[in-house]
Amino acid sequence: MRVATWNVNSVTARLPRLHEWLDLVEPDVLCLQETKTADFPSDGVEQRGYEVAHVGDGRWNGVAILSRVGLEDVTAAFAEQPGYANEDEDALLAVPVVESRAVGATCGGLRVWSLYVPNGRSVGHPHYDYKLGWLTALRAALAPEVAAGPFVVTGDFNIAPTDDDVWDPAAFVGSTHVTARERQALADLRALGLRDVEPRALKGRNFTYWDYRAGMFHKGMGMRIDLVYANDAVTVTDAWVDREARKGTGPSDHAPVVVDLDLTNRGP
DNA sequence: ATGACTTATCCAATAAGA
């Protein structure tokens, strides 16, 4: 089974690239993040044989799972998923809203989650606390599923697991995405019985994100923040970053991560 | 250079991204 994850930075803007990529790579399951729409444009992907589970609330966020090997038990948001109170003109009216950042489904016997972990904005910002709390709640919600059978949680985690996962650690001192607390949240998640499926780089380093600005991609100044975590009931035969998808006209600022796996059919 | 792009939205200036 081929499973992939891709932060497309608007599925509407990326639709031609998405269709082209599906035809080229032919994933069985594709997890998308930042669809940035309330209405997923599903015609083209359905013509290609995919069912779609999408959770989207409009301008921001939005996650989806596309599957051509079955799509069952769709879960929009995980149990007790925290909300975020965006700053309001009257702060007293700010109400936490559960955002479109998580969708789960069972695809051909594999339990899959597509995540768009909150960015955090800056260390000490309320969004940073939201990010950490969100990951704590995620861990609790996923624990039973990790123990139950073949399981993969993937998506844009907005955390670089180690200093090797950013182009220059010195450039990130004091920034989000690299702090000890964020990395500990990832370690806590792995402690459920998950491992980081590190993709091989077809060229250069195995980064998955490069800022649009200042030619960062062509300078190799990227980060590995799009991750695939799998449990012991999943045997990985290959994993790679599709850097080609970051090139050319109208790319996302993220590249897809592609994983080929077998279900070993034994409990973890 | 507290920047550089890109996105959707109140279609124009803004918020957010990481």
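Residue numbers start from 1 in every chain, and the chains themselves are labelled A, B, ... in the order their sequence lines are given, proteins ahead of strands.
Here Phe157(A) lies out of heavy-atom contact (under 4.0 Å) with every strand. Asn7(A) comes within 4.0 angstrom of sugar-phosphate atoms only, judged by non-hydrogen atoms across all strands, and of no base. When heavy atoms are screened at a 4.0 angstrom cut-off, Asp226(A) is found touching no nucleic acid atom at all. Using a 4.0 Å heavy-atom cutoff across all strands shown, Asp211(A) reaches no nucleic acid atom at all. Here Tyr209(A) lies in heavy-atom contact (under 4.0 Å) with sugar-phosphate atoms only. In this structure, Ser10(A) reaches the sugar-phosphate backbone alone: every heavy-atom distance under 4.0 Å involves primed, P, OP1 or OP2 atoms, never a base. Met216(A) comes within 4.0 angstrom of no nucleic acid atom, judged by non-hydrogen atoms across all strands.
Taking atom C1' in both dA12(B) and dT2(B), the straight-line distance is 23 Å, to the nearest Å. Distance noted for atom C1' between dC10(B) and dA4(B): 27 Å (whole Å). Across dC11(B) and dA1(B), the matching C1' atoms stand 30 Å from one another, rounded to whole Å.
Side chains of Asp163(A) and Arg183(A) form a contact here, defined as non-hydrogen atoms less than 4.5 Å apart.
Between Tyr84(A) and His127(A), the angle of the ring planes goes over 60°, which puts this pair in the perpendicular group of the 30/60° scheme.
Proximity note for Trp60(A) (side chain, C-beta onward) versus dG17(B), dA8(B), dA15(B): the nearest is dA15(B).
Counting distance only, with no hydrogens placed and no angle test, the side-chain atoms of Arg59(A) and the base atoms of dT14(B) include a donor-acceptor pair under 3.5 Å.
Both Gly250(A) and Pro118(A) lie near DNA chain B, and the one whose nearest nucleotide falls closer to the 5' end is Gly250(A).
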